[in-house]
Amino acid sequence: MAVKSFKYVIVGGGVSAGYAAREFAKQGVKPGELAIISKEAVAPYERPALSKAYLFPESPARLPGFHVCVGSGGERLLPEWYKEKGIELILSTEIVKADLAAKTLISAAGETFNYQILIIATGSSVIRLTDFGVQGADAKNIYYLREVDDADKLVEAIKAKKNGKVVIVGGGYIGLELSAVMKINNLDVSMVYPEPWCMPRLFTADIAAFYEGFYKNKGIQIIKGTVAVGFTADSNGEVKEVKLKDGRVLEADIVVVGVGGRPLTTLFKGQVEEEKGGIKTDSFFKTSVPNVYAVGDVATFPLKLYKELRRVEHVDHARKSAEQAAKAIKASEEGKTIEVYDYLPFFYSRSFDLSWQFYGDNVGDTVIFGDNNPESPKPKFGSYWIKDGKVLGAFLEGGTPEENKAIAKVARVQPPVENLDVLSKEGLSFACKI
């Protein structure tokens with residue numbers, strides 16, 4: 001098979017790949033120098049659209065509407081854009097072997113790709129219940145959501161099972177966003193998760209109580225403190241029941257599993273230094289191997305603000321780390337330096353008519369402020385996280401763009417706080433005066 005050679009190769013075709021390509025183009029990459037190799041069949045797109053707008057019954061998002069870089073308010077990079085810039089999009093191509101010493105990648109079809117500089121942007125894969133040998137987890141109509149293909153299958157299932165019963169397994173991002181969108185599609189929704197409250201990695205019990213109350217008011221059944229241990233299927237092999245560890249059995253026409261992801265680092269095991277489940281990088285996303293960079297979900301990088309190494313699975317970091325790596329590559333070629341990556345952790349979600357943002361670090365004591373009554377016609381509330389007398393994190397539901405900027409500033413500046421009761425009373429006004 002023919003060998004293809006490029007100066008720069010990005011392996012992985014997700015959000016990071018698209019934002020890196022845009023930055024390379026800004027930096028003046030020459031035609032034929034850059035290739036993106038992706039196992040997906042489409043050009044890079046904004047992944048968050050899949051669990052939000054793609055499944056809407058009315059005016060759903062569809063490609064080419066959400067190709068990168070529209071998610072951050074930039075130009076939409078259609079497949080033609082890559083052609084115009086001389087960037088080669090190598091789609092439907094899975095890399096199965098990487099030899100970092102030889103600077104080669106080999107695809108499932110046996111093609112060889114040589115590179116001078118590699119950016120690893122392989123992202124995450126979903127954790128599947130079949131990985132744990134859960135009985136019946138290979139039944140039809142059990143879905144996971146990571147790629148456009150997955151979303152298309154779900155759309156078909158929603159059409160086929162009108163007014164049917166859906167069980168969502170997992171209480172994190174995917175669980176909350178998909179429970180909402182399934183309800184909007186007039187399906188009967190139950191949500192199952194083992195933790196004492198939803199989004200436990202970020203939410204406090206107080207924050208979670210609002211969302212659980214809101215979802216219950218929408219008619220979503222929430223079952224906490226147990227897990228799915230098995231599935232039964234009908235004679236067509238389609239799922240019909242979800243068995244829970246606590247002995248309950250739920251009827252189901254569709255099951256959607258959202259129990260987390262794993263960074264896709266297997267190709268590079270033993271060839272590159274790893275830490276905290278990811279590929280260890282510096283502040284320019286350089287790995288321990290010369291001319292190899294890692295960005296997005298797979299990178300464990302120095303988080304300057306907190307003076308520690310972290311791995312962040314979120315679209316905001318996927319975008320910004322990719323841009324940083326592309327800038328760093330071009331700067332090093334020109335003998336220039338750029339600023340180190342100084343990232344402020346940012347997470348957000350939208351479901352029903354709710355919309356929240358969080359900035360910073362969720363450690364220390366918390367205070368909640370505002371109207372967090374799920375019955376309120378327009379709830380608006382937030383929380384601060386305080387450690388060592390400083391505000392380190394801030395969360396806001398229902399904020400305006402200006403208010404969201406204010407809580408971001410608080411998390412960045414880390415102002416001192418003497419009295420938590422006073423902070424709770426001041427609420428949002430505390431952030432707005434920083």
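The figures here come from the full heavy-atom set of this structure, side chains too, leaving out hydrogens, waters and symmetry mates.
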Original post:
Do the charged groups of K243 and E241 touch, with an N to O distance under 4.0 Å?
Top reply: no
**OP:** Determine the interplanar angle of the W356 and F203 rings, folded into 0 to 90°, and report it as parallel if under 30°, tilted if 30 to 60°, perpendicular if over 60°.
**Re:** perpendicular
Subject >> Ion pair check, D297 and R262, cut-off under 4.0 Å >> reply: no
Original post:
Is any NZ, NE, NH1 or NH2 atom of the basic residue among E147 and K39 found under 4.0 Å from an Asp or Glu carboxylate oxygen of the other?
Top reply: yes
Original post:
Between K304 and E339, does at least one N-O distance fall below 4.0 Å, as a salt bridge requires?
Top reply: no
Subject >> Flag for K153-Y144: side-chain donor and acceptor within less than 3.5 Å >> reply: no
Original post:
Relative to each other, are the rings of F285 and F301 parallel, tilted or perpendicular (30° and 60° limits)?
Top reply: tilted
**OP:** Take E80 and K83 through the test salt bridge (Lys or Arg N to Asp or Glu O under 4.0 Å) and record every step on the way to the result.
**Re:** CA-CA 5 Å; E80 301 84 77; K83 277 199 190 81; 5.7 Å; no
Original post:
With a 4.5 Å limit on heavy-atom distance, are the side chains of L303 and P345 in contact?
Top reply: yes
Subject >> Mutual orientation of the aromatic rings belonging to F346 and Y359 [parallel < 30°, tilted 30-60°, perpendicular > 60°] >> reply: parallel
**OP:** Kindly check if the number of other-residue, nucleotide or ligand heavy atoms within 6.0 Å of NZ (K245) is above 12?
**Re:** no
Original post:
Out of curiosity, I87 CD1 to E84 CD, how far, rounded to the nearest 0.5 Å?
Top reply: 10.5 Å
Original post:
Where is the tightest heavy-atom contact between I37 and V9, given as atom of each residue plus distance?
Top reply: CD1-CG1, 3.8 Å
Original post:
Any side-chain donor paired with an acceptor under 3.5 Å for D316 and Y343?
Top reply: yes
**OP:** Taking only Lys NZ, Arg NE, NH1 and NH2, and the carboxylate oxygens of Asp or Glu, determine whether R310 and E308 approach each other closer than 4.0 Å.
**Re:** yes
Subject >> N-O pairing of D99 and K103 below 4.0 Å >> reply: no
Subject >> L129 and I142, any side-chain heavy atoms less than 4.5 Å apart >> reply: no
Subject >> Approximate separation, where rounding is to 0.5 Å, of F56 CZ and N185 CG >> reply: 9.5 Å
**OP:** Mind checking side-chain contact (heavy atoms from CB on, under 4.5 Å) for R248 and listing every partner two or more places apart, or none if nothing turns up?
**Re:** I223, L244, D246
Original post:
Does a salt bridge link R350 with E177, judged by any charged N lying under 4.0 Å from a carboxylate O?
Top reply: no
Subject >> side-chain hydrogen bond (donor to acceptor under 3.5 Å, both in side chains) between Y45 and R47, worked out >> reply: CA-CA 6 Å; Y45 56 86; R47 217 174 280 288; 3.3 Å; yes
Subject >> Residue pair T130, D138: steps toward the side-chain hydrogen bond (donor to acceptor under 3.5 Å, both in side chains) verdict >> reply: CA-CA 7 Å; T130 45; D138 53 355; over 6 Å; no
Subject >> Output field: ring centroids H317/Y341 closer than 6.0 Å >> reply: yes
**OP:** Of all the heavy-atom pairs spanning A299 and T281, show the shortest one and how long it is.
**Re:** CB-CG2, 4.1 Å
Original post:
Is the closest side-chain heavy-atom distance between E40 and L91 below 4.5 Å?
Top reply: no
Original post:
Any ion pair linking K159 and E156 (charged N to carboxylate O, less than 4.0 Å)?
Top reply: yes
Original post:
Would S351 and Y215 satisfy side-chain hydrogen bond (donor to acceptor under 3.5 Å, both in side chains), going step by step from the backbone distance to the final call?
Top reply: CA-CA 10 Å; S351 55; Y215 275 49; 2.9 Å; yes
Original post:
Which value, rounded to the nearest 0.5 Å, describes the distance between W385 atom CH2 and T204 atom OG1?
Top reply: 6.0 Å
Original post:
How long is the span from the NZ atom in K390 to the CD1 atom in I386, to the nearest 0.5 Å?
Top reply: 13.0 Å
Subject >> Spatial distance of atom CG (L105) from atom OG1 (T112) [nearest 0.5 Å] >> reply: 9.0 Å
Original post:
Can you find a heavy atom in the side chain of D150 that is under 4.5 Å from one in the side chain of V148?
Top reply: no
Subject >> Check: M182 and I158 side chains under 4.5 Å, non-hydrogen atoms >> reply: yes
Original post:
Given the rule in the side-chain hydrogen bond (donor to acceptor under 3.5 Å, both in side chains) test, do T226 and Y193 qualify, once you have shown the distances and angles that lead to the verdict?
Top reply: CA-CA 6 Å; T226 190; Y193 47 91; over 6 Å; no
**OP:** Report yes or no: does S16 contribute a side-chain atom to a donor-acceptor pair with the main-chain N or O of A318 at less than 3.5 Å?
**Re:** yes
Original post:
What residue among I407, V391, V367 forms side chain to side chain contact (heavy atoms under 4.5 Å, CB included) with F430?
Top reply: V391
**OP:** Verify the distance criterion only: is there a donor paired with an acceptor across the side chains of Y19 and S321 at less than 3.5 Å?
**Re:** no
**OP:** State, yes or no, whether a side-chain contact exists between C198 and L176 at a heavy-atom distance under 4.5 Å.
**Re:** yes
Original post:
Are the side chains of I117 and E333 in touch, meaning some heavy atoms are under 4.5 Å apart?
Top reply: yes
**OP:** Using the side chain to side chain contact (heavy atoms under 4.5 Å, CB included) rule, take R22 and E75 through it: C-alpha gap first, then chi angles, then the decisive distance, then the call.
**Re:** CA-CA 9 Å; R22 181 178 69 171; E75 176 197 356; 5.8 Å; no
Original post:
Would you say V29 and K85 make side-chain contact, with heavy atoms under 4.5 Å?
Top reply: no
Original post:
Do K280 and E273 sit within salt-bridge range, that is, some charged N less than 4.0 Å from a carboxylate O?
Top reply: yes
**OP:** Decide whether K183 and S179 meet the rule of one side-chain donor and one side-chain acceptor closer than 3.5 Å.
**Re:** no
Original post:
Got a salt bridge between E195 and R201, using NZ or NE/NH1/NH2 to carboxylate O under 4.0 Å?
Top reply: no
Original post:
Are K4 and E88 ion-paired here, with the side-chain N under 4.0 Å from a carboxylate O?
Top reply: yes
Subject >> Electrostatic pair K140:D234 at N-O distance under 4.0 angstrom >> reply: no
Subject >> Closest non-hydrogen atom pair, R62 against V155 >> reply: NH2-CG2, 3.7 Å
Original post:
How long is the span from the CD atom in Q271 to the OG atom in S288, to the nearest 0.5 Å?
Top reply: 10.0 Å
Subject >> Test side chain to side chain contact (heavy atoms under 4.5 Å, CB included) applied to V255 and V257, step by step >> reply: CA-CA 7 Å; V255 172; V257 181; 4.1 Å; yes
Original post:
Distance only, no hydrogens: is a donor on one side chain within 3.5 Å (strictly under) of an acceptor on the other, for E397 and Y211?
Top reply: yes
**OP:** Give me the ring orientation class for F381 and F395: parallel if the planes are under 30° apart, tilted from 30 to 60°, perpendicular past 60°.
**Re:** tilted
